[in-house]
Amino acid sequence: MSFSSDCKRELCLVKPEKSCCGLSELCGLYVTMGSLSLLGRGRVNVQFSGESLAVCRRAYTLLVQSLRLTPQIHYVTSARFGGTRKCVLTLGPVQSPALLRALGMMESTPENGYSLRSTTPRLALTRMCCMRAFLRGALLGGGTMTSPEQGYHLELHFHDDGARAMMAKCLQRLGLPIRLSARKDRTFFYWKQSDQIVTLLTALGAHGAVMQIEDLRVKRQVLGSVNRAMNCDSANLQKQMDASGQQIAAIRRLMDENRLKSLPESLQQIAMARLAAPDATLAQLGAMLDPPLGKSGVNHRMRRLMDYAGTPITGGDVL
């Protein structure tokens, strides 16, 4: 299963914090996977459809528990896209008004009938628990997430401007930036930073998915630190080898010109030590001398030796 599917299955197991949260989550499901059909003579029909059985089961449970509504269930298989199978929950013209009234989309008339006042829910999401529940429903119905192993990317789709305004209000309360994009006539919110995705999933209750993201993020940080350390060691080693090669070439030039024996004994000593140990660091060269010499002292003598040879030092001090 994909990371997105696993995350949604986890969210489907989250219990609503309060009685009001069930309706708020239903509202989020409606604006992402719900549809409204006008049948004429004031009759309406509401359907919830989706490919995830876990999400459809969640919508069914919330309809039963929050509004005492029992939708009919059937499945539709599309001939396109490899025979995609969708689960459809239908309330019908008898039960649909109860949901629409609860969402603020329909109101009673003096003639004991019902009048549709909006095609977008007008539920007052004032409590933080209801906002989280609404976003949880929206993510279940219209969210997609890339596996963190492939990159950080989360999208939250919606149907219309009314749903966009409701989502934006809730996202701002969570402190998340509002980023919009469109693809194939579909508009959606999106986030590509791991900390923002973690903030959203934590607020919605997907703690297992958050742990998976954090675990991978720590592994990447450790791997990055190891790579940087290895690159640094490799660069230092290359720098050391380049400087050692320059020093040996200068010493051999002094020997070929019979000038090395005319130099001070301390410089002759460091020259012989370098020829004997081409790969040694300055500290290791100092330990080979009698008496031993510190790194700074070896570096000073080596610079004097290079000056006598007339060779500029391009690599700096060797560790």
Side-chain angles (χ1 to χ4, degrees), residues 2-3 145-154 175-177 179 181 190-199 201-202 209-319:
S2 66
F3 174 79
M145 289 162 282
T146 302
S147 172
E149 296 180 353
Q150 301 175 358
Y152 301 113
H153 190 91
L154 188 150
L176 292 171
R179 294 191 176 95
S181 185
Y190 72 94
W191 299 271
K192 291 188 175 183
Q193 295 186 12
S194 60
D195 56 337
Q196 296 170 356
I197 296 175
V198 165
T199 297
L201 295 182
T202 301
V210 170
M211 290 299 296
Q212 186 174 345
I213 294 175
E214 293 289 6
D215 181 61
L216 182 60
R217 184 159 60 175
V218 169
K219 290 180 180 178
R220 285 177 173 170
Q221 291 175 349
V222 171
L223 182 60
S225 299
V226 171
N227 287 337
R228 285 191 294 272
M230 292 179 62
N231 292 337
C232 182
D233 291 342
S234 177
N236 286 339
L237 180 60
Q238 185 62 48
K239 181 180 177 181
Q240 173 183 328
M241 297 303 296
D242 292 343
S244 177
Q246 292 178 10
Q247 294 162 5
I248 292 175
I251 294 170
R252 294 193 182 281
R253 185 163 58 253
L254 289 171
M255 295 175 64
D256 293 340
E257 297 174 358
N258 294 321
R259 291 194 294 148
L260 183 62
K261 294 182 179 180
S262 64
L263 299 181
E265 182 179 354
S266 61
L267 298 187
Q268 295 184 45
Q269 188 182 21
I270 197 66
M272 293 299 103
R274 172 52 79 193
L275 291 176
D279 299 333
T281 64
L282 295 184
Q284 292 170 342
L285 287 178
M288 296 167 58
L289 301 179
D290 186 19
L293 190 64
K295 176 181 174 182
S296 60
V298 174
N299 183 57
H300 176 69
R301 290 187 185 184
M302 193 63 71
R303 284 181 176 276
R304 287 180 60 196
L305 184 65
M306 300 293 282
D307 289 339
Y308 277 113
T311 303
I313 300 177
T314 59
D317 297 345
V318 182
L319 300 179

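Any value given below was found using the heavy atoms of this structure, including those in side chains, with hydrogens, waters and symmetry copies removed.
Summarising the local packing, CD of Gln284 is surrounded by more than 12 heavy atoms from other residues, nucleotides or ligands at distances under 6.0 Å. Shown here is Glu265, whose CD atom has no more than 12 heavy atoms of other residues, nucleotides or ligands within 6.0 Å.
Closest non-hydrogen pair, Ala280 versus Leu285, comes out as CB-CD2, 4.0 Å. Looking at every heavy atom in both residues, Gln268 comes nearest to Leu263 through NE2-O, 2.7 Å. The shortest heavy-atom contact between Ala250 and Met306 is CB-SD, 3.8 Å. Nearest heavy-atom pair across Asp195 and Arg217 is N-NH1, 3.6 Å. Listed here is the closest heavy atom pair of Pro278 and Ile248: CB-CD1, 3.5 Å. Across Val298 and Gly286, no two heavy atoms sit closer than the pair CG2-CA, 3.4 Å.
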Stepwise side chain to side chain contact (heavy atoms under 4.5 Å, CB included) check, Leu267 with Met302: CA-CA 7 Å; Leu267 298 187; Met302 193 63 71; over 6 Å; no
Go through it in stages, so that I can follow the logic: the residues are Leu275 and Met255, the test is side chain to side chain contact (heavy atoms under 4.5 Å, CB included), and I'd like the CA-CA distance, side-chain angles, deciding distance and then a yes or no. CA-CA 11 Å; Leu275 291 176; Met255 295 175 64; 3.7 Å; yes
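Residues Arg304 and Pro264 form a side-chain contact, since some pair of their non-hydrogen atoms from C-beta on lies under 4.5 Å apart. Thr146 places none of its side-chain heavy atoms less than 4.5 Å from the side chain of Leu154.
Between Asp215 and Lys219, at least one side-chain nitrogen of the basic residue sits less than 4.0 Å from a carboxylate oxygen of the acidic one, meeting the salt-bridge criterion.
The CE atom of Met145 lies 6.0 Å from the CG atom of Leu201; values are rounded to the nearest 0.5 Å. Remark: Asn299 CG to Thr281 OG1 distance equals 11.5 Å, nearest 0.5 Å. Rounded to the nearest 0.5 Å, atoms CD (Gln269) and CE (Met288) are 10.0 Å apart. Taken from CD in Gln247 to CZ in Arg274, the straight-line distance is 4.5 Å, to the nearest 0.5 Å. For the atom pair Leu305 CG and Leu254 CG, the distance stands at 6.0 Å (nearest 0.5 Å).
Under the 3.5 Å distance criterion, the side-chain polar atoms of Ser147 are left unmatched by any main-chain donor or acceptor of Phe3. A donor-acceptor pair under 3.5 Å is absent between the side-chain atoms of Arg253 and the main chain of Asp256, judged by distance alone. A donor-acceptor distance shorter than 3.5 angstrom exists from the side chain of Ser262 to the backbone of Arg259, with no hydrogens or angles considered. A distance-only check finds no donor-acceptor pair linking the side chain of Arg303 to the backbone of Asp307 [under 3.5 Å]. Using modelled atom types, no side-chain atom of Trp191 and backbone atom of Tyr152 make a donor-acceptor pair closer than 3.5 Å.
Of the N and O atoms on the side chains of Gln196 and Arg179, at least one donor lies less than 3.5 Å from an acceptor on the other residue.
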